[in-house]
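Structure first, commentary second.
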Amino acid sequence: MLDTWHDWVRDTARQAHEAGELRAGVSPEGVATVVVAATVGFERLGGPGRDPESEERMLEFWTCLLPRLTAAAPARMAGEPVAVRGAGNSMAGL
């Protein structure tokens with residue numbers, strides 16, 4: 001299961017890299033490693049009565065990570081959530 005998830009994230013990040021959407025120096029393999037490690041960590045942090053993949057936790061994670069991955073940093077970073085771009089963008093699936 002983790003291999004499939006890792007491969008999907010890496011392949012999606014590779015598409016973003018080829019489209020010029022990843023920041024210079026960010027590798028598709030690195031993106032896959034970070035995303036898979038974080039999601040496994042969220043799962044491990046969950047426990048009885050706790051939602052490891054709560055909307056708030058996911059929003060915090062992606063708000064922190066996406067600006068560091070993308071080629072064009074968002075214009076606003078004053079604590080506002082980063083808007084998810086359309087499905088035509090290869091990073092939209094992440």
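- We find the CG-CH2 distance between Leu2 and Trp5 to be 10.5 Å, quoted to the nearest 0.5 Å.
- For Ala71 against Gly20, the heavy-atom pair with the smallest separation is CB-O, 3.3 Å.
- Across every non-hydrogen atom of Val26 and His17, the tightest pair is O-ND1, 4.3 Å.
- Qualifying side-chain contact (heavy atoms from CB on, under 4.5 Å) partners for Thr33, counting only residues two or more places apart in sequence or in other chains: His6, Glu29.
- Applying the side-chain contact (heavy atoms from CB on, under 4.5 Å) test to Ala37 and every residue at least two apart in sequence or in another chain returns nothing.
- In this structure, Val35 and Trp62 approach most closely via the heavy-atom pair CG2-CH2, 3.9 Å.
- A distance-only check finds a donor-acceptor pair linking the side chain of Arg23 to the backbone of Pro67 [under 3.5 Å].
- For Pro28 against Ala13, the heavy-atom pair with the smallest separation is CA-CB, 3.8 Å.
- Legend: residues meeting side chain to side chain donor-acceptor pair (under 3.5 Å) with Glu18, ordered by chain and number and at least two apart, are absent.
- Listed by chain and residue number, Leu65 satisfy the side-chain contact (heavy atoms from CB on, under 4.5 Å) test with Val34 (two or more places apart in sequence, or in another chain).
- Taken from CD in Glu21 to OG1 in Thr12, the straight-line distance is 11.0 Å, to the nearest 0.5 Å.
- Between Thr63 and Leu59, the shortest heavy-atom contact is OG1-O, 2.7 Å.
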